[in-house]
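Computation of the quantities below employed the complete heavy-atom set of this structure, encompassing side-chain atoms and omitting hydrogens, waters and symmetry-equivalent molecules. All chains are named by letter (A, B, ...) in the order of the sequence lines, taking the proteins before the strands, and each is independently numbered beginning at 1. In this text, all values refer to a predicted model and were calculated from it rather than measured experimentally.
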There are 2 protein chains.
Amino acid sequence: MKIDPNSSADLSAQIASAIRDAIVGGKLIVDERLPSEAELAEQFEVSRSTVREALKRLAAQSLIRTQRGAFGGAFVNRLSYEDAYRGHITTSTLLLGMNHVSFDTACEARFALERACAGLSAERRDADHLATMRAEIVRQAQPGLSDEAFCASDVAFHRALVDGADNPVMSYQLAGAVEAMQPLMNMITFTARNREEIVRLHELIADAAEARNGAAVSTALTELEGYTKTLAQSVFDARAKGQSDSAGTER
Amino acid sequence: MKIDPNSSADLSAQIASAIRDAIVGGKLIVDERLPSEAELAEQFEVSRSTVREALKRLAAQSLIRTQRGAFGGAFVNRLSYEDAYRGHITTSTLLLGMNHVSFDTACEARFALERACAGLSAERRDADHLATMRAEIVRQAQPGLSDEAFCASDVAFHRALVDGADNPVMSYQLAGAVEAMQPLMNMITFTARNREEIVRLHELIADAAEARNGAAVSTALTELEGYTKTLAQSVFDARAKGQSDSAGTER
DNA sequence: AATTTTCATTTGTCTGACATTTAAATGTCT
DNA sequence: AGACATTTAAATGTCAGACAAATGAAAATT
């Protein structure tokens, strides 16, 4: 492992990169201990602070964990699904929030990917998944529910559907698409009539899942996609109209 | 923004968390400048080193960028698709590599998600996407190609298919599933006969995309999934047999 | 043998210093 | 007045050295 002290990049970034490559490339295996900060500083010919900054970068990506005390140090971390989940959702949320992705684009992606789970989920879902879906439907039908809680329950419902496919890789990949939609959905205010229709479609999905009918799940998802899009459209239209009205009175 | 100095967690992690929440929560907007390290140190009542470690954590997630010099500092970064891509692929690759996900599970997820793109891609793909697919097929048919290069071309082919859906959110989400499979695929040695069959299926996919026939793309993908799985199975079987043989002679 | 104490090691944090970069402010010349 | 060169202040990047806190191993004690 060697670095170029003349490069324009920060030394800590270069060092982090070198160690990251070693981990990703399999040269450092899970639970293996890295040299101590002092030793790394000597190896890379930098100060301990610089090494520490590099290690913090890796820790932020859950690539290493650190332990204090004698026989402590930095260890290559086994990346857990939970850690990966969290990071993936954060990144996806920011990506959607910062890049003015249209609601339709995000929505289209989400439902297309979710339909990819429909068949597998109908086939493999267990009683727990179904129970979760039913429970969330009940919650969604409660009258006093806030819009945020309604959206959160919506996410929980769909996550149960996705998890029903019993494929952790799919659950992980889908997490980004499903959860990152929540802030966008939160921009919508749902009328009682809207919620009724969404609950109806969720029931359709749950029924299809119960009957292990993947095609029906898929069809219901498509219908829900369409309804969500028109709902968002009407909300945005109303908002745009409100904007132009107030602009008209202001000037 | 306040932190708890009595918490078990590192101060730098707490500070990073606080700033991260502010960014994700929209309290800090894109391109906004954070206070200088010295000011942050004062606000959080920690030393500058601790603040720096926190900032490095955020930089590792591409949440901020730093600029030196007067009027420099840390700025909230607009998360680009490229940055998110890279991170997503790295994480997905590690996740698959470190958690002994079965080849079948990963393969199933990849093709299920890819089929989710089939319809949109057939509908929207432009001439470039098709040209890329054709070009990669030509490359894959070349006799001298190494297994690694063959796999890389395979990834490029499928990425073109996914990108054809013209939905950046899908491209981003799919990147993890498609690219992270490459190391797994690299464990397979492809005979000339294997490659022939894969090229044939790729041609089927390209033909279907050219004809804007999403259903045919989907069918071909399913066939390719099946072939890939049996191929991997035979390789693993052979390897297991070799293992037990050598184990038998060694002891 | 079990328990306690000591101890060396390692990370976490702080302080203070200097180098480097950068853009604004200032000065100078035409 | 405008173009160009110089200075300067502010900020990050890096370093060195120190101490605190944690932690498990080894030694000492009961």
Side-chain angles (χ1 to χ4, degrees), chain A residues 1-20 23 28 30-78, chain B residues 1-20 23 28 31-77:
Chain A
M1 289 200 257
K2 258 297 160 69
I3 54 171
D4 171 20
N6 300 324
S7 161
S8 64
D10 292 356
L11 292 177
S12 72
Q14 290 181 58
I15 293 170
S17 216
I19 300 178
R20 178 164 37 240
I23 294 175
L28 293 169
V30 168
D31 291 335
E32 185 170 341
R33 183 180 176 281
L34 271 61
S36 74
E37 295 175 354
E39 286 171 312
L40 286 172
E42 211 175 348
Q43 280 183 32
F44 286 112
E45 297 178 352
V46 296
S47 73
R48 199 183 141 213
S49 334
T50 303
V51 167
R52 279 184 64 78
E53 288 175 9
L55 293 180
K56 292 311 158 206
R57 294 178 118 106
L58 300 175
Q61 299 176 300
S62 301
L63 292 183
I64 60 168
R65 62 177 185 279
T66 54
Q67 219 174 1
R68 275 159 68 141
F71 299 80
F75 297 84
V76 177
N77 200 23
R78 155 160 281 129
Chain B
M1 286 200 256
K2 258 294 161 70
I3 53 171
D4 172 19
N6 300 324
S7 162
S8 64
D10 292 355
L11 291 178
S12 72
Q14 289 181 60
I15 293 169
S17 215
I19 300 178
R20 178 164 37 239
I23 295 176
L28 293 169
D31 291 336
E32 186 172 340
R33 183 181 176 283
L34 272 63
S36 72
E37 295 174 353
E39 286 171 312
L40 286 172
E42 213 175 346
Q43 279 184 31
F44 286 111
E45 298 178 352
V46 297
S47 72
R48 201 183 138 214
S49 340
T50 304
V51 168
R52 279 184 64 77
E53 287 175 10
L55 293 181
K56 294 308 159 206
R57 294 178 118 107
L58 300 176
Q61 297 175 302
S62 301
L63 291 183
I64 60 169
R65 61 177 186 280
T66 52
Q67 222 173 2
R68 278 161 65 141
F71 298 79
F75 297 83
V76 178
N77 199 24

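- Rounding to whole angstrom units, CZ of residue Arg68(B) and P of dT21(C) are separated by 5 Å.
- Between Ile64(B) and Leu55(B), the shortest heavy-atom distance links the atoms CD1-O, 3.4 Å.
- Between Lys56(B) atom NZ and dG12(C) atom P the separation is 17 Å, expressed in whole Å.
- Positionally, the nearest nucleotide of DNA chain D for Gly72(B) lies more toward the 5' end than for the other of Gly72(B) and Gly69(A).
- Of the candidates dT11(C), dT12(D), dC14(C), the closest approach to any side-chain atom of Arg52(B) belongs to dT12(D).
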Check your understanding: Going through the checks in order, is the side-chain contact (heavy atoms from CB on, under 4.5 Å) test met by Lys56(B) and Asp10(A)?
Key -> CA-CA 11 Å; Lys56(B) 294 308 159 206; Asp10(A) 292 356; 4.1 Å; yes
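- When distances run from any side-chain atom of Thr50(A) to the nucleotides dC14(C), dT14(D), dT21(C), the shortest one goes to dT14(D).
- Remark: P of dT23(D) and CZ of Arg65(A) are 14 Å apart, rounded to the nearest angstrom.
- Nearest heavy-atom pair across Ala16(B) and Arg57(B) is CB-CD, 3.8 Å.
- Of the two residues contacting DNA chain C, namely Phe71(A) and Ser49(A), the nearest-nucleotide position lying further toward the 5' end is that of Phe71(A).
- In the set dT13(C), dG12(C), dT9(C), dT9(C) carries the atom at the smallest distance from any side-chain atom of Ala70(A).
- A residue-by-residue look at Arg48(A) and Asp10(A) shows that Asp10(A) has its nearest nucleotide of DNA chain D further toward the 5' end.
- As a whole-Å value, the separation of Glu53(A) CD from dG12(C) P is 13 Å.
- The CD1-P distance, from Ile15(A) to dG13(D), rounds to 14 Å in whole Å.
- Side-chain nitrogen and oxygen atoms of Thr66(A) include at least one within less than 4.0 Å of the OP1 or OP2 phosphate oxygen of dG12(C).
- The interatomic distance linking Glu37(B) (CD) with dC15(D) (C1') rounds to 15 Å, in whole Å.
- Nearest heavy-atom pair across Val76(B) and Arg65(B) is O-NH1, 3.2 Å.
- When the C1' atom of dT21(C) is taken as reference, atom CD of Gln67(B) falls 10 Å away, rounded to whole Å.
- Residue-level contact check: Arg33(B) touches the backbone only, with heavy atoms under 4.0 Å from sugar-phosphate atoms and none from bases.
- Across the protein-nucleic acid pair, Leu11(B) atom CG and dA22(D) atom P stand 12 Å apart, rounded to whole Å.
- Relative to the side chain of Ser47(A), the nucleotides dT13(C), dT14(D), dT15(C) differ in distance, and dT14(D) lies closest.
- Here the closest non-hydrogen pair linking Ala54(A) and Ser12(A) is CB-O, 3.3 Å.
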